[in-house]
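Numbering of ligands and ligand atoms starts at 1, following listing order.
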Amino acid sequence: MSLLTTVVSYITSLPTIIPSLFLLAVYAYTMGLFPSRNAMPVAGRTILLTGATEGLGRAAALLLASRGANLVIVSRNVGRLEETISLLKAAASSPNQRFYYISADVSEAGYADTVMAETIAWNKGKSPDIVWCVAGMSTPMLWADAQEDSMAASRRNMDVNFFGAAEMSRAALKEWLAPENSKGKDAEPKHLIFTASVLAFFAVAGYGPYTPSKWALRGLADTLAMEVGLYPDNPVKIHVVYPGTITSPGLERENQTKPEVTLELEKDEPAQTPEQVAEKALKGLQKGEYFVPVSLTGNLMRCGVLGGSPRNNWLVDTIVGWIVPIVYYFVLWGMNSTVATWARKKGHPAKYVKQ
Ligand SMILES: NC(=O)C1=CN([C@@H]2O[C@H](COP(=O)(O)OP(=O)(O)OC[C@H]3O[C@@H](n4cnc5c(N)ncnc54)[C@H](OP(=O)(O)O)[C@@H]3O)[C@@H](O)[C@H]2O)C=CC1
Ligand SMILES: CCCCCCCCCCCCCCCC(=O)[C@@H](N)CO
């Protein structure tokens with residue numbers, strides 16, 4: 001009798017309680033009910049974090065400092081950088097933690113090599129263990145609005161949100177993947193983290209200058225997630241965090257140009273504080289997630305668009321991914337009905353009264 005038939009006949013001869021317990025265990029494991037190994041320890045590590053003086057970036061920096069990390073924070077405004085350094089020192093869990101800031105504009109070509117070199121010099125000749133690109137901005141407007149320049153806005157969003165992170169990713173990977181920095185396949189991996197948005201899962205009218213810049217990040221991350229496999233002795237993990245609405249200074253700024261119809265379309269998506277998003281993001285990163293949602297809605301949306309992207313859990317993501325497109329039938333119907341009703345009530349967008 002072959003091994004397989006022996007195993008099958010053994011399992012089927014057991015009382016049914018055993019296979020159902022096994023399935024229950026699989027479910028519990030996939031839902032993260034068992035404590036999993038920390039896939040991204042931060043205590044004692046050096047983390048380079050862009051966009052760290054407001055909103056999600058500042059909340060993430062303070063959370064990481066409270067967990068024992070050393071931090072190099074990057075943004076433009078020196079006053080806010082100095083203020084954030086003071087807050088990091090107060091949040092630190094150990095007096096040995098070190099903090100440093102670099103004032104830089106992530107939209108400037110070549111900024112990242114300069115920032116990386118200064119970080120390595122400050123970090124005693126060692127490259128950072130984790131790089132988290134949070135810096136970003138959003139200027140929503142209707143694409144064909146003759147009173148706004150959506151092309152200039154789109155270029156700016158692409159320069160900050162995509163190229164700002166893309167440059168930093170190249171500067172980090174050039175360091176981490178260099179042959180002289182090979183530490184063997186079992187070494188603690190480095191981590192490169194992008195910050196996108198649920199809009200990279202589901203586009204909404206009015207975000208034309210912004211959404212493509214976040215879809216582009218997803219395309220780069222999927223490419224790099226495969227490409228780092230060429231360097232098994234220089235282990236690097238790629239991640240993309242997908243926040244929904246964050247009650248940040250950035251949200252206040254973007255709401256100044258945001259079309260009213262966009263506010264209407266996104267009103268049911270649960271807003272979260274920067275601190276809530278930072279907590280959820282770090283939890284997902286430490287569970288080893290590739291695409292890191294920060295809410296149930298975001299996780300469902302993630303499963304709805306996985307395509308060729310790496311999964312967090314093939315079993316759960318596949319099953320949920322079968323169900324979500326059915327939900328999207330109704331969500332899209334609802335969204336497009338809202339747009340149609342808006343058009344009927346408000347008339348041609350050229351007649352809209354600006355806020
Ligand atoms: N707010 C939201 O609803 C959502 C935001 N996101 C994304 O999350 C990230 C954080 O958003 P949020 O918390 O709202 O951000 P905020 O606008 O509140 O803060 C942005 C941070 O990035 C820095 N920054 C902005 N532009 C540049 C630049 N050109 N160069 C260097 N640093 C820059 C700012 O500092 P300084 O001005 O001093 O440079 C600040 O520290 C962004 O990538 C955003 O796209 C995703 C989904 C929702
Ligand atoms: C299967 C379940 C589907 C549920 C779909 C729900 C519809 C999603 C609405 C999108 C909300 C837009 C958030 C924008 C956040 C952002 O990135 C901007 N604030 C820019 O900063």
Side-chain angles (χ1 to χ4, degrees), residues 49-61 73-84 101-108 111-112 115 132-140 156-157 159-165 167-168 193-207 209-211 213-214 217 240-255 257-258 262-275 277-278 281 293-305 320-321 323-332 334-335 338:
L49 205 153
T50 69
T53 56
E54 287 182 300
L56 172 59
R58 175 179 279 195
I73 59 173
V74 178
S75 70
R76 293 165 298 178
N77 183 290
V78 173
R80 279 201 296 268
L81 281 163
E82 289 172 342
E83 187 187 299
T84 305
Y101 75 79
I102 300 172
S103 172
D105 182 338
V106 301
S107 68
E108 274 178 20
Y111 89 94
V115 166
W132 188 348
C133 303
V134 179
M137 48 89 71
S138 171
T139 44
R156 180 70 186 153
N157 282 240
D159 282 344
V160 174
N161 299 342
F162 174 69
F163 288 108
E167 286 233 8
M168 182 52 79
I193 307 162
F194 293 117
T195 306
S197 158
V198 293
L199 286 170
F201 294 149
F202 183 98
V204 169
Y207 277 113
Y210 175 77
T211 294
S213 72
K214 296 300 189 176
L217 276 182
V240 189
V241 175
Y242 288 89
T245 301
I246 309 171
T247 54
S248 66
L251 182 68
E252 289 164 29
R253 281 189 285 267
E254 73 177 58
N255 283 345
T257 64
K258 191 177 287 179
T262 308
L263 286 166
E264 177 67 20
L265 291 167
E266 69 182 6
K267 72 177 182 347
D268 296 332
E269 197 264 337
Q272 293 168 293
T273 65
E275 293 71 22
V277 175
V294 295
S295 69
L296 173 62
T297 307
N299 202 18
L300 293 173
M301 294 167 81
R302 175 185 67 88
C303 292
V305 287
V320 175
I323 299 163
V324 165
I326 299 166
V327 178
Y328 267 140
Y329 174 83
F330 299 99
V331 169
L332 262 175
M335 289 281 193
T338 300

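Checked against salt bridge (charged side-chain N to carboxylate O under 4.0 Å, His left out), R253 has the following partners two or more places apart in sequence or in another chain: E54. Residues passing the side-chain contact (heavy atoms from CB on, under 4.5 Å) test with T211, sequence neighbours excluded: L199, A203, Y207, W215. Checked against salt bridge (charged side-chain N to carboxylate O under 4.0 Å, His left out), E269 has no partners two or more places apart in sequence or in another chain.
Counting only heavy atoms of the protein, atom 31 (C) of ligand 1 lies nearest to A104 O, 3.3 Å. Distance from atom 18 (O) of ligand 1 to its nearest protein heavy atom, with residue and atom name: G250 N, 3.0 Å. Atom 6 (N) of ligand 1 has its closest protein heavy atom at Y210 OH, 3.6 Å. Scanning all protein heavy atoms for the shortest distance to atom 8 (O) of ligand 1 gives T195 CG2, 3.6 Å. Closest to atom 2 (C) of ligand 1, if we only count protein heavy atoms, is I246 N, 3.5 Å. Nearest to atom 25 (C) of ligand 1 among the protein's heavy atoms is R76 NH2, 3.5 Å. Among all protein heavy atoms, the one lying closest to atom 29 (N) of ligand 1 is D105 OD1, 2.9 Å. Of the protein's non-hydrogen atoms, the one nearest atom 38 (O) of ligand 1 is N77 N, 2.9 Å.
Polar contact with ligand 1: present for T53 (N/O pair, distance under 3.5 Å). Taking any N or O of E54, backbone or side chain, at least one lies under 3.5 Å from an N or O belonging to ligand 1. Between V74 and ligand 1, not a single N/O pair is under 3.5 Å apart. Between V106 and ligand 1, at least one pair of N/O atoms sits closer than 3.5 Å. Among the atoms of K214, some N or O lies under 3.5 angstrom from an N or O of ligand 1.
Atom 11 (O) of ligand 1 is not flagged as protein-proximal [any protein heavy atom, distance under 4.0 Å].
The nearest non-hydrogen atom to atom 22 (O) of ligand 1, considering only A61, G244, S75, G51, comes from G51. Nearest residue to atom 20 (C) of ligand 1 from A135, G136, S248, A52 is G136 (criterion: closest heavy atom).
Contact detail for V294 and A281: the closest heavy-atom pair is CG1-N, 3.9 Å. In terms of heavy atoms, L49 sits closest to G57 at CD2-O, 3.8 Å. When all heavy atoms of G298 and V198 are compared, the closest pair comes out as CA-CG1, 4.1 Å. Shown here for M301 and F202, the closest heavy-atom pair between the two residues is CE-CB, 3.4 Å. The minimum heavy-atom distance linking E254 with S138 is given by the pair CB-O, 3.2 Å. Heavy atoms only, all atoms of each residue included: T257 and T139 are closest at OG1-C, 3.8 Å.
Below 4.0 Å from some heavy atom of S197 lie the following atoms of ligand 1, by number and element: 46 (C), 47 (C). Atoms of ligand 1 lying under 4.0 Å from any heavy atom of T245, numbered from 1 in the order shown and given with element: 3 (O). When each atom of ligand 1 is checked for a heavy atom of R80 under 4.0 Å away, the hits are 36 (P), 37 (O), 38 (O). Close approach to L56 involves these atoms of ligand 1, each under 4.0 Å from a residue heavy atom: 13 (O). Proximity to R253 (heavy-atom distance under 4.0 Å) selects the following atoms of ligand 1: 16 (P), 17 (O), 18 (O), 19 (O). Annotation for ligand 1: atoms under 4.0 Å from non-hydrogen atoms of G55 are 13 (O), 18 (O).
Neither the backbone nor the side chain of R58 comes within contact range of ligand 1; no heavy atom lies under 4.0 Å. In V134, the parts holding a heavy atom less than 4.0 Å from any atom of ligand 1 are both the side chain and the backbone. By the criterion of a heavy-atom distance under 4.0 Å, neither the backbone nor the side chain of S138 is placed next to ligand 1. With a 4.0 Å cut-off on non-hydrogen atoms, P274 does not touch ligand 1 at all.
Counting only distance, with no hydrogens or angles, the side chain of D159 and the backbone of E108 share no donor-acceptor pair below 3.5 Å. In terms of modelled atom types and a separation under 3.5 Å, the side chain of T50 and the main chain of A135 share a donor-acceptor contact. Proximity of a side-chain donor or acceptor of Q272 to a complementary backbone N or O of S295 within less than 3.5 Å is not detected. In this structure, Y101 contributes its side chain and S75 its backbone to no donor-acceptor pair below 3.5 Å. At least one donor-acceptor pair closer than 3.5 Å links the side chain of T195 to the backbone N or O of C133. No donor-acceptor pair under 3.5 Å is formed between the side chain of S197 and the backbone N or O of Y242.
In this structure, the separation between CZ on R76 and CD1 on I102 is 16.0 Å, given to the nearest 0.5 Å. Atoms CG and CD, from N77 and E82 in turn, are 9.0 Å apart once rounded to the nearest 0.5 Å. Taken to the nearest 0.5 Å, the CG atom of L56 stands 12.5 Å off from the CG atom of L251.
Between K267 and E264 there is a salt bridge, since a side-chain N of the basic residue sits under 4.0 Å from a carboxylate O of the acidic one.
For the ligand labelled ligand 1, residue A196 lies inside the 4.0 Å heavy-atom shell. Look at P249 and you'll find a heavy atom under 4.0 Å from some atom of ligand 1.
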Go through it in stages, so that I can follow the logic: the residues are V115 and M168, the test is side-chain contact (heavy atoms from CB on, under 4.5 Å), and I'd like the CA-CA distance, side-chain angles, deciding distance and then a yes or no.
CA-CA 9 Å; V115 166; M168 182 52 79; 3.9 Å; yes
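Ordered by chain and residue number, the residues placing a heavy atom less than 4.0 Å from ligand 2 are S138, S197, V198, L199, V204, Y207, Y210, G244, T245, L251, E254, E266, E269, T297, L300, M301, V324, V327, Y328, V331, M335.
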